[in-house]
Amino acid sequence: MVDLINDYASVFKPALLCTSVGGTLICTNNVADVRRDAWLDQLQRSAAKAGRPIREIEMDHAGSRFSEFRTASRR
């Protein structure tokens, strides 16, 4: 089991290492309790440690939809 709230790196590292140099990695934050900036920071640090620098980041700003889902699911 992976603790995504406290250890997203355990998911990022193998995904980054499986991505070819110059390749594309598509990933998502599936945990409403992990803020976008913290998630992105962890991805960037993991990429640097894995020797896979990030050339470009494209974000889907679905944050408002995600927070609505989180609110609805906690009722």
Side-chain angles (χ1 to χ4, degrees):
M1 182 159 80
V2 176
D3 179 3
L4 290 178
I5 293 174
N6 297 307
D7 192 17
Y8 245 119
S10 65
V11 174
F12 288 147
K13 183 178 179 181
L16 289 159
L17 293 175
C18 289
T19 304
S20 298
V21 174
T24 300
L25 175 65
I26 299 172
C27 52
T28 183
N29 176 6
N30 293 310
V31 181
D33 292 335
V34 176
R35 292 185 0 243
R36 181 185 311 151
D37 57 337
W39 180 86
L40 184 56
D41 180 60
Q42 182 64 56
L43 175 61
Q44 291 172 322
R45 285 187 285 131
S46 295
K49 286 181 182 179
R52 302 280 200 224
I54 296 174
R55 293 178 294 129
E56 179 182 347
I57 296 173
E58 182 178 326
M59 301 285 288
D60 175 8
H61 298 284
S64 61
R65 294 191 307 267
F66 194 54
S67 63
E68 288 170 10
F69 174 74
R70 183 179 69 180
T71 301
S73 67
R74 291 188 175 177
R75 291 184 188 165

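In this chain, residues are counted from 1 in sequence order. Owing to the predicted nature of the structure, the values given are computational and were not obtained by experimental measurement.
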Apply side chain to side chain contact (heavy atoms under 4.5 Å, CB included) to V34 and Q42, showing your working. CA-CA 11 Å; V34 176; Q42 182 64 56; over 6 Å; no
Could you walk me through whether R36 and N29 satisfy the side chain to side chain contact (heavy atoms under 4.5 Å, CB included) test, starting with their C-alpha distance in whole Å, then the side-chain angles of each, then the deciding distance to 0.1 Å, before giving a yes or no? CA-CA 8 Å; R36 181 185 311 151; N29 176 6; 5.8 Å; no
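Both L25 and I57 belong to a common hydrophobic cluster when Ile, Leu, Val, Met, Phe, Trp and Tyr are linked at side-chain heavy-atom distances under 4.5 angstrom. Transitive grouping of hydrophobic side chains (ILVMFWY, heavy atoms separated by less than 4.5 Å) keeps L43 and L17 in distinct clusters. Hydrophobic cluster membership is shared by M59 and F12, with clusters built from Ile, Leu, Val, Met, Phe, Trp and Tyr side chains linked at under 4.5 angstrom.
A salt bridge (charged side-chain N to carboxylate O under 4.0 Å, His left out) check over residues 45-56, counting only residues at least two apart or in different chains, returns the pairs D41-R45.
The environment of I26 atom CD1 is sparse: at most 12 non-hydrogen atoms of other residues, nucleotides or ligands sit within 6.0 angstrom.
For D3, there are no salt bridge (charged side-chain N to carboxylate O under 4.0 Å, His left out) partners two or more places apart in sequence or in a different chain.
Separating the CG atom in N30 from the CG atom in L4 is a distance of 7.5 Å, to the nearest 0.5 Å.
S46 approaches L16 most closely through the heavy-atom pair C-CD1, 3.6 Å.
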